[in-house]
Structure formats: C-alpha cells, structure tokens
Visitor: 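This is the structure I have questions about; it appears just below.
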Amino acid sequence: PHGANRGRYKNPRIDSLIEEGRTTVDISMRTMIYRKVQNILAADLPYVSLWYTKNVAVMDRSVHGFVVYPAGDFFSLKDVWMEHN
C-alpha cells in the first residue's frame, strides 16, 4: 500500500534480516545477512519480472564521465563533461 512493495510481500524474517543488514557495519557480516535475504527470496519467489529494459547510451567522443546506471535514470549526468575542440 505504501512504497515499492506493489506485490504486498510480507515476511517477518526478511524484515528482520533487512533491518539487521542496515545496522551492521561489518561488511562480511552484512554480506552474510543479505545472502540469507536473497536465498529466502529465491525460495519464496514473491515477484517475477515479465520484462526488462536495455539501457543503451550513444554519445559523441567529446562526451566524458557518463556511466549508464542500471535503473536508467539520469543521475550520472552530474559527472558529464565535454571536451571542446
């Protein structure tokens, strides 16, 4: 109903692990926690993507610093600069 959980998936164990992962500073521990999250989600399969988009960027060789982000947003434009001839 609120946020990006459109399928309304609910799993108290996932909620607990995500909260634990958010507050854990140790990288190896955090990796282990999120691995558990992914394993549970792979078993439950609460969401199946029916499509995906391909992000393609074509630009002039004078454009530098642009990185295509997986989400397809334009956040990467902040680092773009152009070489002037």
Visitor: Are Leu41 and Met32 co-members of a hydrophobic cluster defined by side-chain heavy atoms under 4.5 Å apart?
Guide: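 Met32 and Leu41: one cluster.
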Visitor: Are Met59 and Leu77 linked, directly or through intermediate hydrophobic residues, by side-chain heavy-atom contacts shorter than 4.5 Å (ILVMFWY only)?
Guide: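 Per the 4.5 Å side-chain linkage, Leu77 and Met59 are co-clustered.
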Visitor: Membership question, hydrophobic clusters at under 4.5 Å side-chain separation (ILVMFWY): are Phe66 and Trp81 in the same one?
Guide: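 No, separate clusters.
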Visitor: Could you pull out every donor-acceptor pair under 3.5 Å between side chains of residues 13-20 and any protein atom, sequence neighbours left out?
Guide:
residue : atom : partner : partner atom : Å
Glu19   : OE1  : Arg22   : NH1          : 3.3

Visitor: Any salt bridge (Lys or Arg N to Asp or Glu O under 4.0 Å) involving residues 26-51? Give me the pairs, sequence neighbours left out, ordered by first then second residue.
Guide: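 Those involving residues 26-51 do not exist here.
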